[in-house]
Amino acid sequence: MTTATRTAVVIIDDHPLFRKGVSDLIAMAPELILVGEAGDGEEGVRVATQLRPDLILLDLNMKGMNGLQTLERLRCADLDARVVMLTVSDNEEDVVAALRAGADGYLLKDMEPEDILEQLLAAGRGRLVISQRLTELIARALRHDGGPVRPDDAGLTPRERQVLALLAEGFSNKLIARELNLSLGTAKVHVKHILKKLKLRTRVEAAVWAVRRTTSEDP
């Protein structure tokens with residue numbers, strides 16, 4: 001497998017020992033390659049801008065520029081990289097703030113190493129990744145946003161329902177376009193319309209909303 005066909009990863013975390021652990025984990029997967037790392041947000045933005053990785057793993061609580069501030073800088077840096085928060089914080093405000101700031105996933109550091117590696121591989125394939133125990137927390141946060149309760153209330157078109165179903169499976173816009181034989185621009189428009197109709201702000205919220213409706217866990 002050549003470097004060009006592997007997912008290039010950058011780690012931004014202020015704990016050298018944890019970076020070493022993640023580096024060792026990444027080295028176990030032929031599909032992933034660690035191309036850079038940084039010990040703070042400022043350095044992380046510089047490294048990411050220079051190396052333009054496919055995937056950035058970002059800690060939330062760092063000295064100086066914290067993870068959310070770093071995420072905002074990365075989102076303004078015209079990078080195509082997917083950004084996954086990898087943190088100890090399971091605080092509802094932190095999770096919701098990160099996802100609403102544009103994170104493509106949120107993983108907890110206390111997950112089993114093999115589970116983290118599995119999620120990183122999925123993120124490298126363009127999937128949204130969320131620690132399983134956080135989905136309930138996100139769903140609870142959504143209850144306070146006043147969105148529609150049922151799909152019929154949202155007025156989604158048949159195509160939008162197809163797109164929403166793929167969102168619920170964690171598909172990126174690129175994967176949705178490929179799966180439904182759409183242009184990337186058309187897929188983005190469908191996602192935008194879905195978020196507006198559901199009165200949600202991010203694709204992650206839409207994914208969680210769809211899963212909750214499917215499993216009928218809400219009253």
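Sequential numbering from 1 along the given sequence is applied to the chain's residues.
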message: Does atom NZ (Lys109) have a neighbourhood of more than 12 heavy atoms from anything else shown, all under 6.0 Å?
response: yes
- prompt: Considering all heavy atoms of both residues, which atom of Leu117 and which atom of Ala29 are nearest to each other, and what is their separation?
  reply: CD1-CB, 3.9 Å
- request: Would you mind checking if Arg133 and Asp110 are paired as a salt bridge, meaning a charged N to carboxylate O distance below 4.0 Å?
  value: yes
query: Does Ser131 use its side chain to pair, donor to acceptor, with the backbone of Leu134 at less than 3.5 Å?
result: no
message: With a 4.5 Å cut-off on side-chain heavy-atom distances among I, L, V, M, F, W and Y, is there a chain of contacts connecting Val96 to Leu99?
response: no
- prompt: Any donor and acceptor pair, going by atom type alone, linking the side chain of Arg19 with main-chain N or O of Asp13 inside 3.5 Å?
  reply: yes
- request: May I have the step-by-step check of side chain to side chain contact (heavy atoms under 4.5 Å, CB included) for Thr186 and Leu180, ending in yes or no?
  value: CA-CA 10 Å; Thr186 300; Leu180 298 179; over 6 Å; no
task: For Arg75, check side chain to side chain donor-acceptor pair (under 3.5 Å) against everything at least two apart and list the hits.
output: Asp104
task: Indicate the atoms forming the closest heavy-atom contact of Ser89 with Leu108, along with that distance.
output: O-CD2, 3.4 Å
- prompt: Do the side chains of Asp40 and Asp14 get nearer than 4.5 Å, heavy atoms only?
  reply: no
- prompt: To the nearest 0.5 Å, what is the distance between CD (Gln162) and CD1 (Ile176)?
  reply: 11.0 Å
message: Check this for me: Gln132, atom CD, are more than 12 non-hydrogen atoms of other residues, nucleotides or ligands nearer than 6.0 Å?
response: no
message: If I compare all heavy atoms of Met111 with all of Gln119, which pair ends up nearest, and what's the gap?
response: CE-CG, 3.8 Å
- prompt: If you round to the nearest 0.5 Å, how far is NZ of Lys20 from OG of Ser23?
  reply: 6.0 Å
task: Kindly give the heavy-atom pair with the smallest separation between Val9 and Leu34, and that separation in Å.
output: O-CD1, 3.3 Å
- prompt: Does the pair Arg125/Glu31 count as a salt bridge with the N-to-O cut at 4.0 Å?
  reply: no
statement: Between Pro113 and Leu25 the two heavy atoms that sit nearest each other are O-CD2, 3.6 Å
